[in-house]
Structures are given as structure tokens and as C-alpha cells.
Amino acid sequence: MTNKEANQETAKPLNFIREIVEDDLRTSKYGGKVQTRFPPEPNGYLHIGHAKSICLNFGIARDYSGLCNLRFDDTNPTKEEMEYVESIKEDVLWLGFDWQDREYYTSDYFDKLYEYALQLIKQGKAYVCDLTADEMRQYRGTLTEPGKESPYRNRSIEDNIELFEKMRKGEFPDTSRTLRAKIDMASPNVNMRDPVMYRILHAGHHRTGDKWRVYPTYDWAHGQSDSIERITHSICTLEFEDHRPLYDWFIEQLEIHHPQQIEFARLNLSYTVMSKRKLLQLVEERIVNGWDDPRMPTITGLRRRGYTPEAIRYFADRIGVSKRETIIDVSLLEDSLRQDLNKRAPRAMAVLRPVKVVIDNYPNDRVEELEAVNNPEDPGMGTRKIPFSNVLYIEQDDFREVPPPKYFRLSPGKEVRLRYAYIIKCHDVVKDSKTGEIIEIHCTYDPETKSGGSQSQRKVKGTIHWVSAQHAVDAEVRVYDRLFRVEDPNGDEWKSFINPDSLEVLKNCKLERGLVNVTQQERFQFERLGYFCVDPDSRKDRVIFNRTVTLRDTWAKIEKAGA
RNA sequence: UGCCCGGUGGUGUAAUUGGUAACACACUUGACUCUGGAUCAAGGAAGUCUAGGUUCGAGUCCUAGCCGGGCAGCCA
């Protein structure tokens with residue numbers, strides 16, 4: 001690390017949450033302890049937005065010698081499933097974080113929560129209410145008008161205890177009664193107008209089975225769960241800001257450990273959607289091929305796409321944390337990935353849209369083994385041999401019969417360097433007589449220009465990649481583009497912004513010989529094209545790659561500007 | 001029309017807590033290059049939502065507005 005980098009490292013500013021944590025450490029607010037938690041609801045797959053929260057919570061715990069728990073917020077048995085619990089654990093681990101033995105569930109606290117509820121009833125701070133959902137809404141008032149008190153609000157403590165007990169035993173039908181906190185129906189904060197703490201639900205729970213017929217609401221369960229786990233800093237998203245007074249109220253009535261809730265803005269990324277509801281819809285309506293579709297912003301999708309945990313963590317670091325609602329440009333995510341992969345991914349040559357090149361003056365029975373560097377960024381990664389012969393494939397894009405201005409690649413009468421091989425010159429083109437499609441490009445090579453040879457110094461403008469036809473490995477490559485055509489595809493019309501060309505399957509790709517034996521998830525840089533990784537669908541006899549991200553492409557910009 | 005939160009280049013995040021706006025991404029230009037990659041260098045781009053005020057001095061403090069977001073599930 002250079003001095004400059006070291007300085008940047010130490011000068012790295014704290015986000016506002018870390019400032020609060022450091023203040024609390026200085027004043028010993030929590031006895032010098034830091035305890036955070038990541039509390040997902042197991043009703044969907046984790047996405048890049050959750051990654052931000054995971055990095056925040058686990059990162060703070062790590063940096064201030066604290067601990068971070070994983071807690072599943074499983075208070076709604078009608079929506080939650082074990083499938084999601086498993087996927088969430090896998091994703092957190094993959095991101096590089098470890099909750100060790102602290103895998104908790106809100107349902108672990110159902111007994112305790114029930115006791116707390118009884119305590120509030122006995123304090124005259126909670127009551128059983130017989131209002132229907134409709135009636136309750138009417139009694140709640142509006143944003144500008146106060147609510148009315150429920151007629152059941154002043155039941156005796158004894159009646160409340162008895163009724164609540166019967167609710168628990170399942171003696172009443174679903175939704176017939178609720179347990180409510182007795183706070184203030186005229187509060188300007190609607191959350192304080194006697195919120196529901198328990199609802200009757202005759203539903204089995206994925207962990208507690210048939211034990212309960214009443215289930216705590218999130219508002220009642222969350223703060224107390226944090227308290228039970230001795231959380232010091234309860235970091236959550238902005239929409240819970242209005243709920244904080246309620247959580248504080250519960251904690252104060254109960255006189256139990258009081259965590260500090262801190263809210264931050266959730267992540268939005270351009271050209272994608274992030275809400276669980278929308279992601280679920282994309283999956284269920286088969287707009288994408290499952291939660292792990294490489295176009296999805298889910299962790300599992302990004303993983304399949306070829307993203308690395310390092311890149312995602314670096315990205316989370318770079319976006320910062322604040323209370324402003326913003327949309328982060330995907331290019332920052334892509335840049336984070338390229339920075340990581342550039343250093344680590346071995347290079348290979350691959351032709352995605354092949355066109356045949358015949359070197360007329362190269363003996364057709366000859367094969368040379370040429371030396372290629374595995375990663376110019378890291379000499380330690382060594383070199384490999386690649387075969388060269390008289391029939392090659394090059395990229396269709398790398399030949400133009402009529403070259404536009406500033407085109408450095410192959411065209412009639414022009415020369416290019418074949419990477420790690422020779423300089424060739426094009427002198428003829430064979431076309432299909434019917435379609436006009438170019439079938440073969442005829443070239444001659446200059447034997448004096450072999451890479452690394454004594455006469456190899458001659459300069460040509462362009463260098464292109466190639467694959468020897470007789471040695472090529474056939475492959476399928478899935479090329480992805482952004483899922484949506486607009487930066488902010490939200491609102492009611494969101495589905496109309498879906499990019500119909502977000503997936504292109506190329507079935508006739510030619511890879512260099514060395515890629516016959518690849519393993520799942522293995523990543524490469526295909527020179528001049530981008531980073532690619534082996535898809536789980538890949539088989540020994542049918543190699544399949546995903547394009548993770550393209551390289552920066554200056555030519556594409558020039559061409560676009562010209563057009 | 002009640003309560004809560006936010007407003008700094010195109011996009012994000014900073015600004016030693018009152019000292020004269022920085023970093024990254026994106027963009028532009030150039031150098032270098034057997035990846036139009038990588039790298040390096042340079043540049044344009046905000047005077048900090050507005051209007052007042054306090055102060056020698058305000059992105060930071062005060063006042064009044066304006067704009068954006070959230071909240072009326074027995075969802076989380």
C-alpha cells in the first residue's frame with residue numbers, strides 16, 4: 001500500500017451511524033459494548049439492498065469488537081417459510097459474515113413476549129378489543145383527525161387477563177379480537193393510537209407448530225426482541241422512524257434494556273427494482289427464471305451472475321450510509337466488480353460471434369503452441385500455451401468490409417495483430433452468394449512478427465483475439481443486459497419498463513482449448529469482452545458461461561457517438 | 001391538512017462540528033499499451049432548495065417558506 005492509499009484509508013470518514021456508535025462508546029452508554037443484529041423476515045430472498053444492511057450491521061460489530069446476531073423475524077406464520085430461512089443463511093455466509101451460534105428467531109421469544117403482554121395488561125396498559133378490522137380503522141381517525149377510544153378500552157384487568165388467555169387457547173375465531181396497547185387515540189402519530197399487539201391466527205408456525213393461536217405483531221415483537229438480545233444499536237430503515245416512539249414506549253413501560261434505534265435510507269439501484277413484492281412477481285410471472293436468475297438483484301442472482309462477495313462488500317463501503325432517499329448508479333456496482341476481477345480473474349480468449357479466418361500462407365498441417373500470459377496484472381499467475389493454426393475464428397465485430405473512421409480492427413487491405421500470435425493482413429472476403437453474409441476472411445500472415453520474437457516490434461493499430469478452429473471448445477454464452485430500460489422503473493407502470501432484450505443466448509461460441517475443463521462458478525476475463533463465469537447449468541459436454549460484466553468499452557462509446 | 005424525516009456537481013458520499021466545498025462513480029481530453037482492457041495525467045461540472053437574520057466569516061447556527069419522501073394492515 002502506498003502512502004497515499006494509507007492516508008485515504010485513515011482519512012475515511014465515518015457514516016452518521018458509526019459516529020453515534022463511537023459517541024456511545026466514548027460516553028460508555030452501553031458499558032462499552034456494541035451489539036447489532038440483522039433481522040430479516042423469512043418471506044423472500046435477500047437482495048443487494050439487504051447486503052447493504054448486512055455489511056452495515058456485521059461491519060460495525062466487527063470494527064467495534066462487538067457481535068452481530070442473525071435473527072429471523074418470523075411473527076407472521078402465513079407468509080414465512082423455511083426455504084427462505086435456508087437461503088438467507090446461505091447468502092449471509094457467502095457474503096463473508098458469520099453469526100456463529102447466534103441464530104435467533106423472534107418465535108424463540110413468544111413465551112417471553114406473552115409474559116410482557118400480561119405485564120402490560122396488569123399495569124392497565126393493554127386491553128382486549130372486540131372491534132372488527134373495519135371498525136378499528138374507523139375508530140383510528142385519520143392523519144389529520146384524532147381517533148375515538150374503543151368501547152372495550154376500559155375493561156377490567158381481570159377480564160383482560162381472562163380474555164387474553166382464551167385468545168391464546170384458541171377459543172375465539174380468527175380476527176374476532178385483538179390485544180391492544182392503551183396509549184393515546186388522539187396522538188398525532190397514528191402508530192400510538194392503541195396499536196395491535198396480538199392477533200388471533202389459527203395457523204401453524206414453521207417453528208412453534210400448533211403451540212400458539214395468537215401471534216405478536218411486528219410492532220410489538222421487534223423492539224422487545226432487540227431488548228432481549230441486549231442489542232445496543234437497532235439499525236433499521238427509514239419507514240420505521242415513526243414507530244420509534246412506540247417501541248420506546250413499550251420498553252419504558254416494561255422497564256427493560258433500551259436499545260437505540262437508528263434509521264437509514266434503504267438502497268435503490270438504477271435500472272432495477274428492489275421491493276420483495278416486485279421481485280416475487282418477476283419470479284412468479286416467469287419474467288425471469290427464478291430467484292437466482294443472473295439478472296435479478298438478489299444475492300443468489302448476483303452470485304450466479306458471477307459477482308464476488310468482495311465486490312459487493314466494497315460496493316457497500318463505497319455507497320455510504322445516510323438518511324437521504326437516493327438511487328445509486330449501477331455503474332458503481334459494476335466498477336466495484338471490475339476492480340476486484342481485474343486483479344484476480346485469469347484471462348482467456350473466447351469468440352462469441354465467430355467468423356472464420358483462413359491464413360492462406362500458413363501451412364495447413366502446422367500447429368504452433370504460443371505462449372500467453374494468464375493475467376498481466378499479476379505475473380504470479382503464470383503463462384499458458386495456446387494452439388495456433390491456419391483456420392481461426394475471430395469476432396464478427398472485429399471485421400468490417402467498410403471500416404468506419406477510427407476503426408482499428410481488420411478490414412480489406414488492413415493489418416491487425418492477433419494477440420500472442422502474428423500480424424495478419426486481409427486480402428479477400430468470401431460471401432454467401434444468396435445472403436451476402438461473410439463466410440470466410442482470407443488473410444496472409446507475416447512470419448517475422450510472431451509475439452515475443454526478435455522481429456515482433458512492428459506496431460499496428462489494433463490487436464484482436466482469436467481461437468484456433470480445430471482446437472476450439474464449443475460453448476453457450478448467456479449475455480445479460482439490464483432488466484429495465486429506464487433508470488427508475490418504479491410506479492404502477494413498472495412492468496412496462498422491462499427490457500425485452502435483457503437476455504441473449506449465444507449458442508455457437510468458440511473458446512480457447514484450455515477451457516474444456518472448467519468448474520462451476522469459475523471466473524475468467526475473456527480478453528477484450530468482459531468477465532464471465534461458469535453457470536451451474538454447465539456440463540462437461542456442454543459448457544455454459546454467463547457474462548458477468550463487460551470490460552470498459554471505449555470503442556462502443558466512439559461508435560455510439562458517431563451514430 | 002396532522003406528525004416524522006430529508007434537501008451539497010449528472011449520481012452518491014464528505015467537509016477537522018462556524019474558517020471559504022473534497023473524494024469516488026459517470027463524462028471529456030491526452031499519454032501509454034500485443035486487451036479500444038488495465039494504468040497514468042489533465043479537465044468540465046455544485047457555491048450547498050429559497051428568502052431573510054446572527055457573525056469578521058455560514059453547507060454548518062436562527063426564522064419563515066419551498067420541494068421531495070414516509071405514516072391511517074389484525075404486513076414487516
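The chains referred to below are lettered A, B, ... by the order of the sequence lines, with proteins before strands, and numbering in each begins at 1. Everything numeric here is computed off the predicted structure, so don't read it as measured data.
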Can a donor-acceptor pair under 3.5 Å be found between the side-chain atoms of A/Glu377 and the base atoms of B/rG37?
yes
Is the glycosidic torsion of B/rG73 within 90° of 0, making it syn, or is it anti?
syn
Identify whether the glycosidic angle of B/rU50 places it syn (within 90° of 0) or anti.
anti
Return the value, rounded to whole Å, for the distance between atom CD of A/Glu334 and atom C1' of B/rU11.
14 Å
Contact class for A/Tyr420 vs. all strands (heavy atom < 4.0 Å): base, sugar-phosphate, or nothing?
base
For atom NZ of A/Lys461 and atom P of B/rU35, their distance in whole Å
12 Å
Which is true for A/Met136 with a 4.0 Å heavy-atom rule: it touches a base, it touches only sugar-phosphate, or it touches nothing?
base
Heavy atoms under 4.0 Å, any strand shown: does A/Leu246 hit a base, just sugar-phosphate, or nothing?
nothing
Return no unless some side-chain N or O of A/Ser322 is found under 4.0 Å from OP1 or OP2 of B/rU13.
yes
Please classify the nucleic acid contact of A/Asn76 as base, sugar-phosphate, or nothing, using heavy-atom distances under 4.0 Å.
sugar-phosphate
So if I take every side-chain heavy atom of A/Arg137 and compare against B/rA24, B/rA72, B/rA26, which nucleotide ends up nearest?
B/rA72
At 4.0 Å (heavy atoms only), tell me whether A/Thr326 reaches a base, stays on the sugar-phosphate, or touches nothing.
sugar-phosphate
Below 4.0 Å: OP1/OP2 of B/rG36 and any side-chain N or O of A/Arg552:
no
Does the pair A/Arg155/A/Asp130 count as a salt bridge with the N-to-O cut at 4.0 Å?
yes
Result for ring-ring contact (aromatic ring centres under 6.0 Å, His included) between A/Tyr114 and one of A/Tyr109, A/Tyr215, A/Trp212, A/Trp220 points to A/Trp212
When you compare B/rG9 with B/rU13, how far apart are their C1' atoms, in angstrom units rounded to a whole number?
12 Å
Name the nucleic acid region contacted by A/Lys450, choosing base, sugar-phosphate or nothing; use a 4.0 angstrom heavy-atom cut-off, strictly under.
base
B/rA26 C1' sits how many Å from A/Tyr271 OH, rounded?
11 Å
With a 4.0 Å cutoff (strictly under), does any side-chain N or O of A/Thr217 reach OP1 or OP2 of B/rC75?
no
Short N-O contact, A/Glu512 and A/Arg384, less than 4.0 angstrom
yes
Hey, is the side chain of A/Arg140 poking within less than 4.0 Å of OP1 or OP2 on B/rG73, counting only N and O atoms?
yes
Spacing of A/Met197 atom CE relative to B/rG73 atom P, expressed in whole Å:
19 Å
Just to be sure I understand the rule, does A/Pro376 reach a base, reach only the sugar-phosphate, or reach nothing, if contact means heavy atoms closer than 4.0 Å?
base
Under the salt bridge (charged side-chain N to carboxylate O under 4.0 Å, His left out) criterion, do A/Glu559 and A/Arg400 qualify, and how do the steps go?
CA-CA 13 Å; A/Glu559 205 180 22; A/Arg400 290 293 171 81; 2.9 Å; yes
Minimum heavy-atom distance between A/Arg180 and A/Arg193, given as atom pair plus value:
NH1-O, 3.7 Å
Which nucleotide sits closest to the side chain of A/Pro13: B/rC3, B/rG37, B/rA14?
B/rA14
Considering only atom C1', compute the distance from B/rG12 to B/rG19 and round it to an integer number of Å.
26 Å
Let me know the distance between CG of A/Asp74 and P of B/rC75, rounded to the nearest Å.
15 Å
At 4.0 Å (heavy atoms only), tell me whether A/Lys276 reaches a base, stays on the sugar-phosphate, or touches nothing.
nothing
Is any N or O donor-acceptor pair between the side chain of A/Arg347 and the base of B/rU35 shorter than 3.5 Å?
yes
Paired with B/rU55: which nucleotide, if any, by Watson-Crick or G-U wobble criteria at under 3.5 Å for both distances?
none
Is A/Asp194 paired with A/Arg153 through a side-chain N to carboxylate O contact shorter than 4.0 Å?
yes
Work out how far the P atom of B/rG43 is from that of B/rA24, and round it to whole angstrom.
13 Å
A/Lys79 has its side chain closest, among B/rU1, B/rA76, B/rC75, to B/rC75
Taking only N and O in the side chain of A/Arg244, is any of them less than 4.0 Å away from OP1 or OP2 of B/rC71?
no
Are A/Arg344 and A/Glu310 within salt-bridge range, i.e. N to O under 4.0 Å?
yes
Would the base of B/rG70 count as contacting A/Asp242 through its side chain, where contact means a donor and an acceptor less than 3.5 Å apart?
yes
Euclidean distance for C1', B/rA14 against B/rC75 (whole angstrom):
37 Å
Is any side-chain N of the basic residue among A/Asp335 and A/Arg338 closer than 4.0 Å to the acidic one's carboxylate O?
no
Round to the nearest Å and state the distance from A/Trp555 atom CH2 to B/rU33 atom P.
21 Å
So A/Val460, base contact, sugar-phosphate only, or nothing? Heavy-atom distance under 4.0 Å.
nothing
Among the candidates B/rC74, B/rA76, B/rC25, find the nucleotide nearest to the side-chain atoms of A/Asp335.
B/rC25
If you look at every strand shown and take non-hydrogen atoms under 4.0 Å, does A/Thr554 touch a base, only sugar-phosphate, or nothing?
sugar-phosphate
NA contact type, A/Gln525, heavy-atom cut-off 4.0 Å: base, sugar-phosphate, or nothing?
base
Separation of B/rC40 C1' from A/Asn342 CG (nearest whole Å):
15 Å
With both distances under 3.5 Å as the test, what is the Watson-Crick or G-U wobble partner of B/rC25?
B/rG10
Ranking B/rU35, B/rC74, B/rG73 by distance to the side chain of A/Arg528, first place goes to B/rU35
Under 4.0 Å, heavy atoms only, any strand: does A/His222 hit a base, just the sugar-phosphate, or nothing?
nothing
Identify whether any heavy atom of A/Tyr198 sits under 4.0 Å from a base atom; if not, whether one sits that close to sugar-phosphate; answer base, sugar-phosphate or nothing.
nothing
For A/Phe532 and B/rG37, what is the distance between atoms CZ and C1' respectively, to the nearest whole Å?
13 Å
For B/rC27, take OP1 and OP2 only and decide whether either is under 4.0 Å from a side-chain N or O of A/Lys557.
yes
Counting only side-chain heavy atoms from C-beta out, which of B/rG2, B/rC75, B/rG36 sits nearest to A/Leu143?
B/rG2
Report yes if a side-chain nitrogen or oxygen of A/Thr132 is closer than 4.0 Å to either non-bridging phosphate oxygen (OP1 or OP2) of B/rC74; otherwise report no.
no
Selection from B/rC25, B/rG36, B/rC74 that lies nearest to any side-chain heavy atom of A/Phe408:
B/rG36
Between the side chains of A/Arg37 and A/Glu229, is the shortest nitrogen-to-carboxylate-oxygen separation below 4.0 Å, so that they form an ion pair?
no
Under 4.0 Å, counting only non-hydrogen atoms across every strand here, what does A/Thr142 touch: a base, just sugar-phosphate, or nothing?
base
Distance, C1' atom - from B/rG57 to B/rU17, rounded to whole angstrom:
16 Å
Pairing of A/Arg244 and A/Glu263 as salt bridge, 4.0 angstrom limit:
yes
Using atom C1' in both nucleotides, what's the gap between B/rA15 and B/rG47 to the nearest angstrom?
14 Å
Between B/rC56 and B/rU20, how far is it from one C1' atom to the other, in whole Å?
13 Å
Specify the glycosidic conformation (syn or anti) of B/rG47, with syn defined as within 90° of 0.
syn
